[in-house]
Protein chains: 2
Amino acid sequence: MYLFSQNIYTPNGFQEGYLKIEEGKILGILDEVMPTENIVDYGEHVIIPGFIDIHLHGWATGSFCFEGDQQSLKKMSKGLVKEGVTSYLATSDVAAIHEIKSQLAEGKKFIDKWNAEQGAEVLGFHLEGPFISKEYKGMLKEEYCKDPSIDLLDEFIEIAGDNYIKLMTLAPELPGAKELIKHANSKDIQISVGHSAAEFEDIKALKDYGLGGFTHTFSGMRGFHHRRLGVAGAAMYFDDMYAEFAKQTGQTVKPEAFELMYKIKGKEKIILSTDCVGLARVKEPFYHYIRKCKFIPDGDNIKLVYDDNKEEILSKDDYEKVKDLELSYIKSVRNVVKNVNATISDIIKMACENPAKYIGVDDKKGSIEIGKDADLLVIDEDWNIIDTFVRGVLQET
Amino acid sequence: MYLFSQNIYTPNGFQEGYLKIEEGKILGILDEVMPTENIVDYGEHVIIPGFIDIHLHGWATGSFCFEGDQQSLKKMSKGLVKEGVTSYLATSDVAAIHEIKSQLAEGKKFIDKWNAEQGAEVLGFHLEGPFISKEYKGMLKEEYCKDPSIDLLDEFIEIAGDNYIKLMTLAPELPGAKELIKHANSKDIQISVGHSAAEFEDIKALKDYGLGGFTHTFSGMRGFHHRRLGVAGAAMYFDDMYAEFAKQTGQTVKPEAFELMYKIKGKEKIILSTDCVGLARVKEPFYHYIRKCKFIPDGDNIKLVYDDNKEEILSKDDYEKVKDLELSYIKSVRNVVKNVNATISDIIKMACENPAKYIGVDDKKGSIEIGKDADLLVIDEDWNIIDTFVRGVLQET
């Protein structure tokens, strides 16, 4: 199959040509092909790599963190391709250990059976905790916050399968963190500092053992003060560490705070994610303090009760309705484009190349290059998604 | 007179030559002069412009803010040249209105009679307040914090003389600030935001009326939070505003916090100052919460009582003793050199060119250029001061 476009974005810039795809792989960009070939002509539309979301608990009609079954991942994968995400890390929450284990076991089964007809690819897992700070737990549950344990991590790895846990969010000030970081590093698990009360000096002392970046930067971490720089100060200070930013709604992080970090670190060290949870799938009533709304499960429906007593009832399985409960990846990208005047190249760094590099899948994901997976988006100049391909398979969008 | 050096720092870089000085002015750099001329040969030593301290209340044996008389400025000027400062703004404190007025009147008399034999030149005044925030008053006195008043500013201008007030520190969130900023702007008075509880949005709304920068950045201002960026966030965010940093002791602002700002704003928008007060000259017992020490005046002496009950007694007029009560300009410069690996060129930006531009005296100060005042330092490679010239007059150092 060939996809023609005047604007195919490669690491060497835009190219015009015929993108050759076979067996889910990118084989090259050709200047000419025989008209008898299978060609899709996208004209001026731009072909870019698909987005990689390294921090995603749930999306729209499915929630890995709330439901934790294969069905939830199936629904997420189907929905995500509509929003530009072609691969992601199924992200666990701080929960009871047996729940995390069950999620990993179910997740592994889904991954092992997955094929590209099913939508976005699960690249593995991101463990958001359980080794995080009670003080900076945010909306997570205190009773499940644990001190670092190599044994427990090994149990998780055993269940998830070798090399399936790609990323872990950790509070490095907790006792035993240093040993855990070293151990995780030896297992090729990337570590992000997050939900952390760490001091700047803790991070300085531990970063070279394997702290690669920061989870939802600025949120859930000790803030910046000029005599106590905290985790936020470390995120601003250390040039070689990545700052993951969850969806840019402007609610949790003001656009100017994002812009400031963009100025400090540049596109090279920022990773865009969503941290969506699949709010429609909560299992018990859940109050969201930023949105000032209570989410109450009610059979096949989800009931929303706002602080001002306004109510709304949505069907849990109605994708078009529930998708607007959280900002999607593509909508977050549009906000970033607007807020920092980002170019296509800037976005691809932050949404494709950096996350791929960060979790060690850049040998097959994150850019349009020969031999890599044909995970592609066709977009127009306003960042509307025309088509999505996962491993060369056209998705239903 | 000619000063020869292999390393004369000009805005075009280093030059070797004979720096020609006549009647206090720089007349050029010559390749050759007649050996019969009056030549001082500095060899490899570097000639740079003198430092300009725009935020200085007192130094060593004199204090403009505590004593407020001509004698205090005389002593300050004599001492400052030993520390590399060739000109400064006599900086008032938040004090009773009649005290500020008296200080301005005395200061004006000193300026009008001053000649270069007397040491560092007073370029005018910096009013640190009285229009500042009670919430962020720091070590200043709450009862003297006032709401902005154009009438009062006009009274100050009347006393100080036209164009003598060069800079004012203001809390722009106070009622009437906008009108005051406009008025000050029309009088060529630069405004720094400081001792301020302002929101980021206040500064955004008012900056184009004439807010040029920030006083002792990070200290005495609303801090940074990612949903409430505050004054510190504005200082980091607005590229066109200057950040003044008081002496870099590492106590009030951690070296890494300075380094972060240096990374964000670059040398182009940072101004080094000292904010020294002349601690030996306090008029009443004064507790310094950063130094954890009480300064108690005792006739001709000053008694220091530390939190751990250690005591020390110094003669108020013993320059060599009292100068070490505060970090001098040159010592602060050495810390900056060490902390951010600053070059001579970087320091000259922050200590000479930027402050001159900021307070509008760059037509005669801040760089070695034809027609400018011969305010010069001769330094060695370790930032030791060999000689200081004020308007071409060699100072006693």
Side-chain angles (χ1 to χ4, degrees), chain A residues 136 138 194 199-205 207 214-241 243-246 248-266 269 289-292 339-341, chain B residues 136 138 194 199-205 207 214-241 243-246 248-266 269 289-292 339-341:
Chain A
Y136 285 90
E199 302 295 344
F200 177 84
E201 291 72 20
D202 294 329
I203 293 168
K204 189 173 180 180
K207 66 187 277 287
F214 300 86
T215 292
H216 46 49
T217 304
F218 289 141
S219 297
M221 54 177 63
R222 185 180 297 289
F224 171 82
H225 184 275
H226 52 289
R227 284 195 287 279
R228 192 180 186 184
L229 278 77
V231 183
M236 293 194 265
Y237 183 86
F238 292 113
D239 290 334
D240 54 350
M241 293 179 79
E244 177 219 302
F245 278 91
Q248 291 304 295
T249 61
Q251 288 183 307
T252 43
V253 174
K254 280 241 185 183
E256 291 90 349
F258 177 82
E259 198 181 336
L260 178 59
M261 190 63 104
Y262 188 70
K263 195 168 77 172
I264 295 172
K265 294 196 100 74
K269 286 289 184 286
Y289 69 84
I290 300 281
R291 304 171 65 115
K292 300 188 187 313
N339 293 342
V340 300
N341 207 12
Chain B
Y136 286 90
E199 303 294 346
F200 177 86
E201 291 71 21
D202 294 330
I203 293 168
K204 190 173 181 180
K207 64 186 278 285
F214 300 87
T215 291
H216 45 50
T217 303
F218 290 140
S219 298
M221 54 177 62
R222 186 180 297 288
F224 170 83
H225 184 276
H226 52 288
R227 285 196 286 280
R228 191 179 185 184
L229 278 76
V231 183
M236 293 194 266
Y237 183 87
F238 292 114
D239 290 334
D240 55 349
M241 294 179 79
E244 177 219 303
F245 278 91
Q248 292 304 296
T249 61
Q251 288 184 306
T252 44
V253 173
K254 280 241 184 182
E256 290 90 348
F258 177 83
E259 198 181 336
L260 178 60
M261 190 63 105
Y262 187 71
K263 195 167 77 173
I264 296 172
K265 294 196 100 73
K269 285 290 184 287
Y289 68 85
I290 301 281
R291 304 171 63 114
K292 302 192 185 312
N339 294 340
V340 300
N341 207 13

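These numbers were taken from a predicted model, which means no experiment stands behind them. So that the names make sense, note that chain A is the first sequence line, chain B the second, and so on, each numbered from 1.
- Of the two parts of A:K204, only the side chain, counted from C-beta on, holds a non-hydrogen atom closer than 4.5 Å to a non-hydrogen atom of chain B.
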Pair B:M236-A:K263, side-chain contact (heavy atoms from CB on, under 4.5 Å): steps then yes or no: CA-CA 10 Å; B:M236 293 194 266; A:K263 195 168 77 172; over 6 Å; no
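- Of all the listed residues (A:Q251, A:H225, A:E259), the one sharing the greatest number of non-hydrogen pairs under 4.5 Å with chain B is A:E259.
- Contact annotation for A:T217: neither backbone nor side-chain heavy atoms come within less than 4.5 Å of a heavy atom of chain B.
- Partner of A:H226 under the ring-ring contact (aromatic ring centres under 6.0 Å, His included) criterion, out of B:F218, B:F258, B:F224, B:F245: B:F218 alone.
- Listed options A:V253, A:T252, A:I264 were ranked by heavy-atom pairs under 4.5 angstrom with chain B; first place goes to A:T252.
- A:K254 and B:E201 are joined by a salt bridge, as a carboxylate oxygen and a charged side-chain nitrogen come within less than 4.0 angstrom of each other.
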